[in-house]
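Atoms within a ligand are numbered from 1 in the order they appear, just like the ligands themselves. If you read the sequence from its start, that first residue is 1, and numbering goes on from there. Atoms considered below: every heavy atom in the structure, side chains included; atoms not considered: hydrogens, waters and symmetry mates.
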Amino acid sequence: MDLTTRPRRLRRDETLRKMVRETRMDPSSLIYPIFIKEGTGIVEAIPTMPGQYRYSVDTMGEKLASLQKAGVSAVMFFGIPDHKDELGSGAYDANGIVQQALRQAARDFPELYRITDVCMCEYTSHGHCGVLRGQNDRLHGQEVDNDRTLEFLAQTALSHVKAGADMVAPSDMMDGRVAAIRAVLDEHGYADTPIMSYAVKYASAFYGPFRDAAGSAPSFGDRKSYQMDYHNSREGLKEALLDVREGADIIMVKPAMSYLDMVARIKETVHVPVASYSVSGEYSMIRAGAELGYIDEEKIICETAASAFRAGCDIYLTYFAEEIAGYMREGKIG
Ligand code: PBG
């Protein structure tokens, strides 16, 4: 056969395959999301996310230590408060659950990079990501009040930073929240604290297991009036560009697996680092498929992680962070 170009030449041996590999990964790109619950002595299995736990402030150290040992250098804190109310006051309480966790982590794990999810849904009695306006007695008459929510989000971010957050990550999808958070942080002397914006966040059924884990499902309606419609792509560029203009330092696309087209588009559109969040439903599908023996868990974890980096993300948030760091160390991916 007279073939000048034979792509298979470069695939013949492992050393060569690694030499020409286009996507290089490293544990320093990984962020592990952790759930912290009020109380003591808690290590509670999350039924819809086998292998994941809710920790209390006094027990989280064990997990943080093993993450660090595996080479994962950053965590994202989610809080599960005892008390919820209409205004989500636990979110911006100086002594709230995330604030307590931050202070403890800063003391015990000063090297660990602390990021917080800034949102109200875990703290509001109605489970929405902001405060409501409209009639209390006619539920469908209520909606999330965008502009009034901004001040609550800004105060939440400020309280996180005061308690020791190195970076804040607003996930509520209100218009103008990045600017509001940036302004309050700057005003209080935190001009150097970066904001990672969940800018391109879709209204997704993949968050189902998370809402069980965090008890944050909306008590009425859904999140479609603030999270994006998954039929849309150009709208994601609009969101990302707006947030960069408002001061976002990192842009996140969420979920990961079904939205890699958006990771690639955003990477070309903005000139800040891009994060991709492999959410709870993605985690649980892999765990469930593996438990049933339908798929090879380790290989699927490696392949899905590599696909996110191949699409262009610089940062990958995943409940498999510790496992992936191990696979990278063992040379299974990376
Ligand atoms: C809070 C928030 C959610 C997730 C991250 N931040 C839930 C939601 O928007 O309903 C989902 C994370 C996951 O599914 O792993 N607003």
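Shown here are the side chain to side chain donor-acceptor pair (under 3.5 Å) partners of Gln155, two or more places apart in sequence or in another chain: Glu151. Every residue meeting the salt bridge (charged side-chain N to carboxylate O under 4.0 Å, His left out) condition with Glu323, not counting sequence neighbours, appears here in chain and number order: Arg287.
Residue contacts with ligand 1, taken as heavy atom pairs separated by less than 4.0 Å, do not involve Tyr283 at all. Counting heavy atoms under 4.0 Å from ligand 1, residue Ser280 touches it through both backbone and side chain.
Proximity annotation for atom 1 (C) of ligand 1: of Ala214, Ser216, Ser171, Ser171 comes nearest, heavy atoms only. The closest heavy-atom contact to atom 15 (O) of ligand 1, among the options Phe206, Phe78, Tyr319, Tyr198, comes from Tyr319. Distances from atom 16 (N) of ligand 1 to the heavy atoms of Cys119, Ala205, Pro33 show the closest one on Cys119.
Residue contact check: Arg211 has heavy atoms under 4.0 Å from atoms 8 (C), 10 (O) of ligand 1. Within ligand 1, the atoms closer than 4.0 Å to a non-hydrogen atom of Tyr207 are 8 (C), 9 (O), 10 (O), 11 (C), 14 (O), numbered from 1 in the order shown. Under a 4.0 Å criterion applied to the non-hydrogen atoms of Cys121, ligand 1 contributes the atoms 1 (C), 16 (N).
Within the 4.0 Å heavy-atom cutoff, Lys254 counts among the residues contacting ligand 1. Within the 4.0 Å heavy-atom cutoff, Gln227 counts among the residues contacting ligand 1.
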query = Going through the distances and angles, do Phe220 and His128 end up as a ring pair (Phe, Tyr, Trp, His ring centres under 6.0 Å)?
reply = CA-CA 9 Å; Phe220 69 93; His128 278 287; 4.8 Å; yes

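Less than 6.0 angstrom separates the ring centroid of Tyr316 from the ring centroid of Phe309. The aromatic ring centres of Phe78 and Phe210 sit less than 6.0 Å apart.
Contact of the Leu150 side chain with the Arg148 side chain is not registered, since no non-hydrogen atoms from C-beta on lie closer than 4.5 Å.
Considering backbone and side-chain N/O of Glu122, none are found under 3.5 Å from N/O of ligand 1.
A cation-pi contact links Lys63 to Tyr32, judged by a cut-off of 6.0 Å to the six-membered ring centre and 45° from its axis.
Under the 30°/60° scheme for interplanar angles, the aromatic rings of Tyr319 and Tyr283 are found to stand perpendicular.
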